[in-house]
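Residue numbers start from 1 in every chain, and the chains themselves are labelled A, B, ... in the order their sequence lines are given, proteins ahead of strands.
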Protein chains: 2
Amino acid sequence: MARPRIKDVARRAGVSEKTVSNVINDYAHVSERTRTAVREAIDELGYRVNLAGRHLRRGRTGIIALVVPELDIPYFADLATLIITEAERNAMTVLVHQTREDRRRELAALEGFGSDFADGLILSPLTLTGTDLRDRPGAPPTVLLGERVRPGQADHVAIDNERAAREATVHLLELGRRRIWVIGGKEGTEPGTAEVRSAGHRAALEAAGLPWDPAVLLRVENFRALDGALAVRRLLDAGETPDGLLCLNDQLALGAMRELHDRGLRVPEDVAVVGFDDVEGGRFSVPSLTTVAPDKHAVARVALELLMVRISERDTGGAITPPRERVVAHRLLVRESSMGTGSRA
Amino acid sequence: MARPRIKDVARRAGVSEKTVSNVINDYAHVSERTRTAVREAIDELGYRVNLAGRHLRRGRTGIIALVVPELDIPYFADLATLIITEAERNAMTVLVHQTREDRRRELAALEGFGSDFADGLILSPLTLTGTDLRDRPGAPPTVLLGERVRPGQADHVAIDNERAAREATVHLLELGRRRIWVIGGKEGTEPGTAEVRSAGHRAALEAAGLPWDPAVLLRVENFRALDGALAVRRLLDAGETPDGLLCLNDQLALGAMRELHDRGLRVPEDVAVVGFDDVEGGRFSVPSLTTVAPDKHAVARVALELLMVRISERDTGGAITPPRERVVAHRLLVRESSMGTGSRA
DNA sequence: ATGAAAGCGCTAACAA
DNA sequence: TTGTTAGCGCTTTCAT
């Protein structure tokens with residue numbers, strides 16, 4: 001037989017539909033007897049709430065869409081884990097989409113996928129421009145992660161990427177490294193993470209009175225270990241002799257270290273390597289990987305916090321406050337890949 | 001102003017609501033003129049479909065719930081990536097839950113989270129028993145991954161874990177290894193992956209005329225690199241001298257290799273290491289990791305296939321066919337962690 | 001090819 | 001404390 005509805009439960013318990021609804025929603029003013037009777041009827045019939053009906057009525061779905069480039073890049077997996085946990089704490093569930101760096105998918109996400117089944121959106125964009133974010137009437141409340149898209153268009157959570165890159169570079173300079181390359185530029189994307197971090201790198205060099213050459217930013221196809229390995233291969237094949245690598249994520253760094261190893265170069269003695277993100281792989285690699293560790297818990301917590309505020313703002317139809325910019329902490333974790341090599345300058 | 005509804009679009013375009021609906025759903029018999037007019041009205045008003053309404057009416061949500069233990073374990077992240085991709089191909093979206101190995105969460109998932117907002121469920125269980133899966137009237141169609149829960153209770157996709165473990169063990173034996181430990185037992189779980197793989201290990205030993213001792217199965221708290229490292233630490237501290245390790249996932253293996261390195265033991269010369277899952281970390285580690293590679297694409301594809309069949313079965317109210325058991329391919333990828341060490345027997 | 005009316009399952013507003 | 005009524009936005013008959 002068909003699945004039971006509130007009506008069926010009501011009939012069985014000898015009460016009205018509204019009373020059943022009250023019980024389901026833990027409404028305070030229900031007598032103990034009625035409550036028990038309804039509960040029994042629910043159990044006997046195996047009744048479950050139909051969320052479509054509830055959503056339609058309430059105007060909220062309880063779903064947050066999380067949109068990331070690729071879920072199988074550990075940084076995003078870590079983030080997703082934390083965001084799902086944080087969402088659960090807010091009685092929300094998380095629907096995950098992957099853009100695979102496709103601009104159209106990112107735009108579709110921005111528009112709520114042509115529908116409005118998510119109450120809110122957490123988006124880690126790669127290709128979006130400031131203009132994409134302007135004028136999205138009816139689009140769901142949105143929090144952006146990671147990129148410094150032109151500020152002021154939507155709520156945004158990130159670490160101070162410029163400073164983080166500067167600190168990482170200073171660290172390499174203090175080890176006496178002078179031939180530092182940066183791995184992780186992306187072709188054809190908006191000024192994003194790579195550019196901001198590159199600026200930090202440049203600032204560190206210039207503060208040390210050293211020259212800066214835009215050619216030290218090596219482009220990659222993707223942000224995986226393979227791409228880091230390929231970048232190093234190209235670099236070495238070109239006859240360069242790096243003594244430091246600033247990799248814009250840990251996967252790139254791990255791939256780079258593997259390639260250096262295959263070329264007979266020692267890390268950190270010959271080449272010191274620093275990554276970004278603090279993923280598990282870098283904690284157990286040989287050598288372990290120095291990395292810029294963002295406070296991922298904070299990213300998740302703040303993102304949810306901002307989003308929940310926006311969602312209630314929309315619900316109450318109140319005034320729309322201007323976009324918020326939130327910076328979370330990071331720290332440089334010095335590990336074997338850049339350790340104990342003293343000054344060689 | 002409030003977000004536009006079909007009614008508003010209809011009024012603006014001078015047609016009925018039904019006609020707007022026809023246009024939205026690409027119904028064939030709509031005149032070109034009408035279609036254009038409606039499209040214009042939609043654009044002008046910025047109309048988007050309200051999925052709550054659609055879901056309620058259609059009785060389907062287009063959402064699949066994916067339930068995994070932890071999304072930040074690369075194997076599950078890989079799987080999630082592929083399942084999301086495959087779901088998209090089937091015009092479904094994926095909602096991700098994490099059980100964090102909590103039995104109550106797994107049970108809640110089985111019951112559709114006390115509601116029915118997902119059309120179907122893909123679940124990678126750790127603690128469920130055969131009884132949990134019996135008699136779930138009204139529960140959503142379900143496909144189980146990975147565990148060999150007692151068969152015949154629900155659709156199930158997995159590799160042949162027993163054979164895979166046997167092959168991996170044979171490989172270690174052929175290298176002349178005789179003191180092989182297995183890392184990855186779990187306390188207090190139902191006979192699952194660990195037990196099945198352990199059986200394969202045993203079978204390989206016995207086929208080679210070697211004794212088998214249940215004590216070679218080392219328990220772990222979790223399936224992360226840290227746990228692999230700790231297991232090796234305990235083993236070495238106990239004065240054992242393993243020459244082979246069969247780790248039940250790659251994270252455990254990578255952690256184990258790191259600990260072996262810290263103890264001055266060489267991989268593979270002193271200890272050969274094999275993992276399961278073929279995650280990216282093992283392809284770029286030093287040494288690279290020999291692993292049992294399941295055909296993850298096939299897992300995702302078959303899981304979706306089974307689920308979509310079940311969903312339409314339910315929709316059409318047709319006969320319920322018995323649970324299907326599907327085995328997907330795997331292969332042993334021999335890499336540096338178990339390579340070129342000849343016979344040492 | 002298009003329209004009118006009914007109803008999916010639920011809960012808010014109001015009434016008793 | 002509990003019941004009645006209405007309606008959320010959409011699509012499905014069934015007419016025309």
Side-chain angles (χ1 to χ4, degrees), chain A residues 2-39 41-42 45-62 112 114-117 119 138 314-317, chain B residues 1-39 41-42 45-62 112 114-119 138 314-317:
Chain A
R3 86 180 295 153
R5 303 305 174 190
I6 276 199
K7 194 199 314 180
D8 307 307
V9 177
R11 195 173 304 145
R12 175 127 189 168
V15 299
S16 78
E17 297 187 26
K18 181 54 172 53
T19 301
V20 175
S21 173
N22 283 340
V23 172
I24 293 167
N25 293 289
D26 284 326
Y27 179 63
H29 305 291
V30 180
S31 76
E32 206 44 57
R33 279 193 47 199
T34 315
R35 190 182 301 276
T36 314
V38 170
R39 291 250 165 82
I42 286 175
L45 295 173
Y47 169 78
R48 290 166 233 247
V49 180
N50 176 315
L51 282 195
R54 172 178 286 178
H55 290 166
L56 180 56
R57 180 69 241 203
R58 296 225 255 238
R60 277 181 54 171
T61 61
S115 68
D116 63 350
F117 72 167
D119 294 338
R314 157 168 296 197
D315 276 8
T316 56
Chain B
M1 89 161 201
R3 84 181 295 153
R5 304 304 173 188
I6 276 200
K7 194 200 312 179
D8 306 308
V9 176
R11 196 172 303 145
R12 176 129 190 167
V15 298
S16 76
E17 298 186 26
K18 178 55 171 54
T19 301
V20 176
S21 174
N22 282 341
V23 172
I24 293 168
N25 293 288
D26 284 326
Y27 180 64
H29 305 290
V30 180
S31 76
E32 206 45 57
R33 278 192 48 200
T34 315
R35 189 183 303 275
T36 313
V38 171
R39 291 250 165 81
I42 286 175
L45 294 172
Y47 169 79
R48 289 165 234 247
V49 178
N50 176 315
L51 283 194
R54 173 178 284 178
H55 290 165
L56 180 55
R57 180 67 243 201
R58 296 227 254 237
R60 278 181 51 170
T61 60
S115 66
D116 63 350
F117 72 144
D119 294 339
R314 156 169 296 198
D315 275 8
T316 57

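- Rounded to a whole Å, the OH atom of B/Y27 is 9 Å from the C1' atom of C/dT2.
- Taking NE2 of B/H29 as the start and OG1 of B/T19 as the end, the distance is 13.5 Å to the nearest 0.5 Å.
- Looking at every heavy atom in both residues, A/Y27 comes nearest to A/R35 through O-NH2, 3.2 Å.
- Residues B/I42 and B/I24 meet the side-chain proximity criterion, which asks for heavy atoms closer than 4.5 Å.
- Following rounding to the nearest Å, B/E32 (CD) and C/dT2 (C1') show an atom-to-atom distance of 16 Å.
- Picking from D/dC8, D/dT2, C/dA1 the nucleotide with the shortest atom distance to the side chain of B/S31 gives C/dA1.
- Phosphate contact (OP1/OP2 of C/dG3, side-chain N/O of B/T19, threshold under 4.0 Å): present.
- The separation between B/R11 atom CZ and C/dG3 atom P is 14 Å, rounded to whole Å.
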Nucleic acid footprint by protein, nucleotides 10-16 of chain C - heavy-atom cut-off 4.0 Å, B for base, S for sugar-phosphate alone:
BBBB---

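- To the nearest 0.5 Å, atoms CG (B/D119) and NE2 (B/H55) are separated by 7.5 Å.
- Put simply, CD1 on A/I6 and CZ on A/R11 are 13.0 Å apart, with the number rounded to the nearest 0.5 Å.
- Between the side chain of B/N50 and the backbone N or O of B/A52, at least one donor-acceptor pair lies under 3.5 Å.
- Within the 4.0 Å cut-off from OP1 or OP2 of C/dA1, not a single side-chain nitrogen or oxygen of B/T34 is found.
- A/R33 has its CZ atom 13 Å from the C1' atom of D/dT2, to the nearest Å.
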